[in-house]
S.K.: 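Next up is a structure, given as structure tokens.
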Amino acid sequence: QVQLVESGGGLVQAGGSLRLSCAASGRTVSSSTMAWFRQAPGKEREFVAAITRNEGYAYYADSVKGRFTISRDNAKNTVYLQMNSLKPEDTAVYSCAARSGFIVKVEGASYDYWGQGTQVTVSS
């Protein structure tokens with residue numbers, strides 16, 4: 001069992017930055033891949049970024065490439081999402097997810113554990 005808790009969300013103006021954190025506890029050794037998803041009101045959940053445990057391979061959705069950076073500190077069992085050049089369309093609830101597989105997946109159904117999410121609001 002893995003527990004995930006997100007933090008770092010808030011209100012920021014367009015062009016600003018935020019850094020999200022996801023602290024994991026429990027059987028974190030079995031979580032080889034961690035990811036961030038987001039869901040805006042009235043829209044489906046979408047993949048944002050993912051990173052593997054050992055290799056540190058990162059994968060991003062096209063909508064955030066060049067603006068967001070995912071990183072992972074295995075010693076602290078924490079994954080981060082640095083968000084720069086934020087746009088109003090980035091407004092959403094951001095959730096951390098984990099899966100035991102080594103291969104990055106963009107489908108939410110592929111992930112076994114989820115946090116409760118943290119709200120990110122970007123004003124124009």
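The chain is numbered in sequence order, starting from 1.
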S.K.: Check the pair Val120, Asp90 against side chain to side chain contact (heavy atoms under 4.5 Å, CB included), reporting the backbone distance first and the verdict last.
M.R.: CA-CA 8 Å; Val120 172; Asp90 294 319; 5.5 Å; no

S.K.: Return the minimal non-hydrogen interatomic distance between Arg99 and Ser110, and the atom names on each side.
M.R.: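 Looks like NE-O, 3.2 Å.
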
S.K.: Using side chain to side chain contact (heavy atoms under 4.5 Å, CB included), reason through Cys96 and Met34 one step at a time and then give a plain yes or no.
M.R.: CA-CA 7 Å; Cys96 180; Met34 299 187 71; 3.7 Å; yes

S.K.: Can you run down the ring pair (Phe, Tyr, Trp, His ring centres under 6.0 Å) pairs that involve residues 34-73, sequence neighbours left out, and say none if there aren't any?
M.R.: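 Output for this query lists Phe37-Phe47, Phe37-Tyr111, Phe37-Trp114, Phe47-Tyr59.
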
S.K.: Can you check whether Thr118's main-chain N or O pairs, donor with acceptor, with Glu6's side chain at less than 3.5 Å?
M.R.: no

S.K.: Give me the atom names and distance for the closest heavy-atom approach of Ala24 to Val2.
M.R.: CB-CG1, 4.4 Å

S.K.: Could you tell me whether a side-chain N or O of Ser63 sits under 3.5 Å from a main-chain N or O of Ala61, the two making a donor and an acceptor?
M.R.: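 Here the side-chain-to-backbone pair does not exist.
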
S.K.: Going through the checks in order, is the side chain to side chain contact (heavy atoms under 4.5 Å, CB included) test met by Gln119 and Leu11?
M.R.: CA-CA 8 Å; Gln119 177 70 47; Leu11 175 64; over 6 Å; no

S.K.: Will you find, in the side chains of Ser25 and Gln3, an N or O donor that is under 3.5 Å from an N or O acceptor?
M.R.: yes

S.K.: Once you round to the nearest 0.5 Å, how far does OG of Ser32 lie from CD1 of Ile51?
M.R.: 12.5 Å

S.K.: Would you say NZ of Lys65 has more than 12 non-hydrogen atoms from neighbouring residues, nucleotides or ligands within 6.0 angstrom?
M.R.: yes

S.K.: Could you check if a side-chain atom of Val5 sits within less than 4.5 angstrom of a side-chain atom of Ser7, using non-hydrogen atoms only?
M.R.: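 The answer is no, as the side chains (C-beta and beyond) never meet within the 4.5 Å cut-off.
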
S.K.: Could you tell me which non-hydrogen atom of Asn74 sits nearest to which non-hydrogen atom of Arg72, and how far apart they are?
M.R.: OD1-NE, 3.0 Å

S.K.: Provide the closest heavy-atom pair for Thr33 versus Ile103 in the form atom of the first, atom of the second, distance.
M.R.: OG1-O, 4.0 Å

S.K.: Under 4.5 Å between any side-chain heavy atoms of Arg38 and Val64, yes or no?
M.R.: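 Yes, their side chains come closer than 4.5 Å.
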
S.K.: Using atom types as modelled and distance alone, determine if a side-chain donor or acceptor of Thr91 lies under 3.5 Å from a backbone N or O of Val122.
M.R.: yes

S.K.: So, taking the atom named OG1 in Thr121 and the one named CD in Gln13, what distance separates them when rounded to the nearest 0.5 Å?
M.R.: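 Answer rounded to 0.5 Å: 13.0 Å.
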
S.K.: Would you say Arg45's side chain and Gln39's backbone share a donor-acceptor pair under 3.5 angstrom?
M.R.: no

S.K.: Determine the minimum heavy-atom distance between Ala58 and Ile70, stating which atoms define it.
M.R.: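 Shortest heavy-atom separation between Ala58 and Ile70 comes out as CB-CG2, 3.7 Å.
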
S.K.: Scan the side chains in residues 79-89 for donor-acceptor partners under 3.5 Å anywhere in the protein, sequence neighbours excluded, and list what turns up.
M.R.:
from: Gln82; atom 1: NE2; to: Asn84; atom 2: OD1; distance (Å): 3.0
from: Asn84; atom 1: OD1; to: Ser17; atom 2: OG; distance (Å): 2.9

S.K.: Of all heavy-atom pairs between Leu20 and Gly9, which one has the smallest distance, and what is that distance?
M.R.: CD2-N, 3.6 Å

